[in-house]
Amino acid sequence: MGAILDSPSFCFLSHLLSCSPLIYSKMLFSLSSGSKELKRMAHSKARATDGKVTYPPGVKEISDKISKEEMVRRLKMVVKTFMDMDQDSEEEKELYLNLALHLASDFFLKHPDKDVRLLVACCLADIFRIYAPEAPYTSPDKLKDIFMFITRQLKGLEDTKSAQFNRYFYLLENIAWVKSYNICFELEDSNEIFTQLYRTLFQVINNGHNQKVHMHMVDLMSSIICEGDTVSQELLDTVLVNLVPAHKNLNKQAYDLAKALLKRTAQAIEPYITNFFNQVLMLGKTSVSDLSEHVFDLILELYNIDSHLLLSVLPQLEFKLKSNDNDERLQVVKLLAKMFGAKDSELAVQNKPLWQCYLGRFNDIHVPIRLECVKFASHCLMNHPDLAKDLTEYLRVRSHDPEEAIRHDVIVSIVTAAKKDLSLVNDALLNFVKERTLDKRWRVRKEAMMGLASIYRKYSLQGEGGREASKQISWIKDKLLHIYYQNSIDDRLLVERVFAQYMVPHNLETTERMKCLYYLYATLDTNAVKALNEMWKCQNLLRNHVKDLLDLIKKPKSEASSKAVFAKVMVITRNLPDPGKAQDFVKKLAQVLDDDQRIREQLETLVSPTCSCKQAEVCVRDITKKLGSPKQPSNPFLEMVKFLLERIAPVHIDTESISALIKQVNKSIDGTADDEEEGVPTEEAIRAGLELLKVLSFTHPVSFHSAETFESLLGCLKMDDEKVAEAALQIFKNTGSKMEESFPHIKSVLLPVLQAKAKRGPPRQAKYAIHCINAMFSNRDTHFAQIFEPLHKSLDPANLEQLITPLTTLGHLAQLAPEQFAAPLKSLVANFIVKDLLMNDRIPGKKTTKLWVPDDEVSPETLAKIQGIKLMVRWLLGVKNNQSKSGNSTLRMLTAILHSDGDLTEQGRMGKPDMSRLRLAAACALLKLAQEPCYHEIITLEQYQLCALVINDECYQVRQCFSQKLHRGLCRLRLPLEYMAVFALCAKDPVKERRAHARQCLVKNVNIRREYLKQHAAISDKLFSLLPEYVVPYTIHLLAHDPDYVKVQDIEQLKEIKEALWFVLEIIMAKNENNSHAFIRKMVENIKQTKDAQAPTDPKTNEKLYTVCDVAMHIIMSKSTTYSLESPKDPVLPSRFFTKPDKNFSNTKNYLPPEMKAFFTPGKPKAANILGAVNKPLSTAGKQLQSKASRMETTSNDDSASNPGSPQRSKTRHDSTERDHSENEDISLKRDIEKPRGRKRGVTSSDDQDSKPKRGRKKAAANTTGATESEDQWDEDNRPEDEQNSPPKKGRRGRPPKSSTASQDTPSKGKRGRKKAAPPPEDEEEEEEEEEERGEEEQDSFFYSGVLLWILSFYRLESAESTPQKRRGRPPKSAQQPLL
């Protein structure tokens, strides 16, 4: 009995019994038989040795002597017999023992016929079942042969359509159910047998097999793994190889089988899998398996099958993430990206150390690894929103990555997730995309803009995420339009495309499109509205350029016409991407238009004012089809034409659209619109709608020519809302030129309304009413007279509130019809405006220490005086000559106002805010007159210098508004070049944002003039008035007459002069084009050979001039390496400012004190680079590395701190210790905060007093001045670091400080930052100036069309001449974080 228990057969039996209760019970019975059973088994062995084979009844002997067919027939009967037998048939088992041995002979195992082999295999399978637990085969070699034979037969399972498939299935089912292969555990070659079995099953499995086949295979293989003592590497490879992607794609069923097997045997096979990965990953023994090179693919597949298979492997991946091998780290990162990002993966939660280690790879030094991490982010955000918080900081760092591709993919990842579901991304992630719209690289900017546009269209326009989602991304529309302020034509074109396709899709039905535009316009912020208006203006101007080109092409050919065509081609080229290449394409287009009449006619239709949106689409399609070629899929010429057509095609606005827009406005007026549902108050919607119509009336005036439109506008005139009526008046002005002829019934109703508005309406409405009459009616003189006479006679200085509208109306009548009312106007100005109004202070001003108050708090008398000043100026601008010397008288009056600080009567009855308003009005009036050549000639140098000093007025708002007026006049090339020198005085402004604004104004003006000279190379006669370098003599002369410059050799005063000169020279010298540095040096040298034309005989005045020249010379020498070269041209000095050079006079003296030379630090002037370089040191999440290089090279063009009105004002850009405060608030002074200081007049000689303009102010006592000077001293130890190298802080120029109010004009120490000052006055003339001058300002490029407001300068992308405000001699601030 003991021998039986120890035998191999009994081991097999034990496995078998675990599967079959029936067999188990029978075997218990057999064992209980004891010696009887042993005797029977011994008897069976004895019979086996007899060699006689007993066949079942009816079956004759099976040998090689019979035919194959007969053999098959007999074997089938044997198979049937064995199938019917069970383990209880002891007699039959004994009877057929020799047959069982016979069937295992080589004759059958190696038989050539497959049917014979199949039948034999079925018999053998049943024999193992019947004779269990003691197999009739005792030889290990025989057992191996039998099982290898059965394995080979299993290949027949491959053909599911075979007639014998059922027998193959029976064979599989039998051996799987009995677990026959388990008997091989004790064989030495068991691994070979199992491996071959596994390979066979994985090979034969296919999509023709049903679930039972799959199940039996899994049962068969899993029993070997689960019940065996070990799993060899070869056997493991046989299973794992099916998980390798290449094999997986070839045989999906084998992959599924391996997957099911691994799931079934996870607990048993896990140690062997762990050992395999240990060998390969940790010990580097790649030779242990052919699958070593696929180790990471296997880890991913195994994790997807059952994560428990890798419990001991995942910690090894953390080690591999820190490998020194870049490729190995990359492979692990790719693997973990798939594992963490899988939809149902909980790996990040289950294994936090591995997750944190993986996040660290976002800052890997290897670029492909960082790129892979960023790509993973989108899957992670979409499948695991809970991990967004962990990813946010790392994506922020990568959004500033030096590599363009990584920054690009950060955007793609965030946008992809946002487009799937907006709730997947937080506001911080969307802000990263927002920042990248200002990236240095076009590819990144484009991806960011298009990404935001698609998000906006999905959630705001289409409303997929509901109102909350729409509200969350409401800022996108503003941000996209702000990008139109960029100088890059690519950015501007993309904004136009985004607007037409995503914000207001042009393919919408007209009513829906106009409704979309209506509510979009109503919800845009101020700067976005300005950008949109500018976009329409630029498109309209380009449309006119193309129209002009078509007109030139139709003219007879001549040399002049060819030159005109070429000039127009150059203008159009500048409005397209890559002007260098576009020039050739536009020339080719001009030739095509000349040759092809059909294309020319279609383009004429497209640019016609009457072209409808549908016509435009047809024309664009036909032109592109005609110019395209199927043989040339990539056609750069066609792409350029598409760009051009895209810009000029009126795809949004036509007559039908304007009518629909008017109806939408009427719905809002009637209260039937969806204003509240759209989130727009009705009043705001109406105002915005009228403003929108006003803009469109300029760009598309013909589209308004319908009775329905004009009648609706008449209704708007009668509304109580002043803004609505103003907009309606402006629309009539722009569109009503042909109203008398086409709509006489409208004219008859409109005229009385206009006359009433001009006489009794609000001032702005009165102004627009006069301009409407001027533009719309042929007999305007009659209508003007009907308005002028009653207003002129009814002027009453006692009723000041009723004076403002009449004065406004009369002023515009004076400008439009100066000859018609010449005599009464002269009398009106001399007697009423000057004597009765300006020279009298009827109402005492409010006693306050504030220098400025809001518009609604300004006294009526001051408002009337301002309108009186404007009336005088408008009258002179209308006359445009000084024959009557009225110009001289007016200039004297204006300078008297400035001399007296705004209190012309000097009776002290005016309040400080009123005085500030009048100073501003007088200074702006001087600028206005200076733009007219006949009056510019009579402005004296003293008057010019006095006007210039207003830019240093003690009132912040006066400085702000004056500098904007100055900038606007210079941008339009109306103000003479010497007025650009006025910005040099801004170096002493006490408020950083004013200095930054002045610098940006200078940058833009220099760029405009240089661009204009490039485009108009033939105007060499105007070079003196346009070349920016010629501002240097004016700057030197202005600074030499600076009232603060009293002592010629005073070091502190010379340092201020140096700062002011460098303020201008840094921008002028940023580029050394055509050896301009030598040209500037030559100019300065020539000035020293002349005398000051303002006081040629005064030695002190000339000494000041020469000293300032030496300061300029030292700056040039210290900042340039090419100044000593020969000047390209001999500079011409302005004769009004300098006498002619004396050939007998050689001034080589150095007027600077020796100690002054130490303040000239050498160094090259840096080109203005607003965006900066992107290559900054990599930083880890949560840490912002700030090297010197990164602070100096990497800056953001999202900086708006220098412009309080610009979008997205940066809070960190100018976060310095200098206080950004208003000097005009009624709070006490503390020494550690800047305070605006009046310019101090020291005790000087009579010569000194004569050499500078007199201010008309009473001088303060000497002790007061001294006290103020003492109070203004800075404690160097307590000064903020940022201020120690800054220019001295000055307040109002040229006046003694007011001791009684100085302490109340600046913020207290306890206040942080700048208390918001009252805004500057709304510039009522700005719109009017633009409208009145549009016809006169015909430039050759959209660069000069309706000049963008000065905030455009703060959105510069990357220009060689524009740079953020740099403070000379100051270290970069750590608070200025580079944005990339």
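Since the model is a prediction, treat every value here as computed from it, not as a measurement. Reckoned from all heavy atoms, side chains included, excluding hydrogens, waters and symmetry mates.
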Heavy-atom distance under 4.5 Å between the side chains of His1037 and Leu941, does that happen here? yes

Are Asn1005 and Val1031 close enough, and set up right, to give a side chain to side chain contact (heavy atoms under 4.5 Å, CB included), and what steps lead you there? CA-CA 11 Å; Asn1005 275 289; Val1031 77; over 6 Å; no

Test item: Cys1001 and Phe983 side chains (from C-beta on) under 4.5 Å apart, heavy atoms: yes

Enter the distance from Gln867:CD to Leu803:CG here, rounded to the nearest 0.5 Å. 10.5 Å

Do Leu926 and Leu946 come close enough that some side-chain heavy atom pair is under 4.5 Å? no

Counting only N and O atoms by type, is there a donor-acceptor contact under 3.5 Å from the side chain of Tyr1030 to the main-chain atoms of Pro1131? no

Value for SG (Cys961) from CD1 (Ile951), rounded to nearest 0.5 Å, stands at 11.5 Å

CD/Glu819: more than 12 non-hydrogen atoms of other groups inside 6.0 Å: no

Verdict with reasoning, Gln957 to Val853, per side chain to side chain contact (heavy atoms under 4.5 Å, CB included): CA-CA 10 Å; Gln957 285 79 7; Val853 293; over 6 Å; no

Please report the interatomic distance CZ(Arg764) to OG1(Thr805), rounded to the nearest 0.5 Å. 12.5 Å

I'd like to know if the side chain of Asp903 pairs up with that of Thr905 as donor and acceptor (distance under 3.5 Å, no hydrogens or angles considered). yes

Any salt bridge linking Arg842 with Asp836? Criterion: basic side-chain nitrogen under 4.0 Å from a carboxylate oxygen. no

Provide the closest heavy-atom pair for Arg995 versus Phe1063 in the form atom of the first, atom of the second, distance. O-CZ, 3.5 Å

In Å, rounded to the nearest 0.5 Å, how long is the span from CZ of Arg968 to CZ of Arg974? 12.5 Å

Please report the C-alpha distance between Asp1092 and Lys1100 in whole Å, then the side-chain angles of each, then the deciding distance to 0.1 Å, and finally whether the salt bridge (charged side-chain N to carboxylate O under 4.0 Å, His left out) criterion is met. CA-CA 10 Å; Asp1092 192 331; Lys1100 185 144 191 178; over 6 Å; no

Please tell me if the side chains of Glu932 and Leu877 come closer than 4.5 Å, counting only heavy atoms from C-beta onward. yes

Using the side chain to side chain contact (heavy atoms under 4.5 Å, CB included) rule, take Tyr1106 and Lys1091 through it: C-alpha gap first, then chi angles, then the decisive distance, then the call. CA-CA 9 Å; Tyr1106 301 148; Lys1091 293 184 179 180; 3.7 Å; yes

Between Leu800 and Pro860, which heavy-atom pair has the shortest distance, and what is it? CB-CB, 4.3 Å

For the pair Phe788 and Phe821, name the ring-plane relationship: parallel under 30°, tilted 30 to 60°, perpendicular over 60°. parallel

Could you walk me through whether Tyr1034 and Tyr979 pass the ring-ring contact (aromatic ring centres under 6.0 Å, His included) check? CA-CA 8 Å; Tyr1034 299 119; Tyr979 285 85; 9.2 Å; no

To the closest 0.5 Å, what do you measure between CG (Leu920) and CD1 (Ile869)? 9.5 Å

Kindly give the heavy-atom pair with the smallest separation between Thr808 and Pro763, and that separation in Å. CG2-O, 3.4 Å

Using every non-hydrogen atom in the two residues, find where Tyr935 and Asn881 come nearest and quote the distance to one decimal. OH-O, 3.2 Å

With sequence neighbours excluded, residues passing side chain to side chain contact (heavy atoms under 4.5 Å, CB included) with Lys759: Ile787, Pro790, Leu791

Is there a salt bridge (charged side-chain N to carboxylate O under 4.0 Å, His left out) between Lys865 and Asp841? Walk through the geometry before answering. CA-CA 10 Å; Lys865 288 183 177 182; Asp841 295 332; 2.5 Å; yes

Can you measure from NZ (Lys885) to CG (Leu891) and round to the nearest 0.5 angstrom? 11.5 Å

Any donor and acceptor pair, going by atom type alone, linking the side chain of Thr809 with main-chain N or O of Ala758 inside 3.5 Å? yes

May I ask you to check whether His936 and Glu978 show a side-chain donor-acceptor distance below 3.5 Å? yes

Determine, stepwise, if the pair Leu828 / Trp875 fulfils side chain to side chain contact (heavy atoms under 4.5 Å, CB included). CA-CA 11 Å; Leu828 173 67; Trp875 172 51; over 6 Å; no

Stepwise salt bridge (charged side-chain N to carboxylate O under 4.0 Å, His left out) check, Glu937 with Arg1136: CA-CA 10 Å; Glu937 295 172 357; Arg1136 287 184 64 204; over 6 Å; no

Ignoring hydrogens and angles, tell me if any N or O in the side chain of Glu906 forms a donor-acceptor pair with the backbone of Ser900 under 3.5 Å. no

Verify whether one side chain among Asn774 and His812 offers a donor that lies under 3.5 Å from an acceptor in the other. no

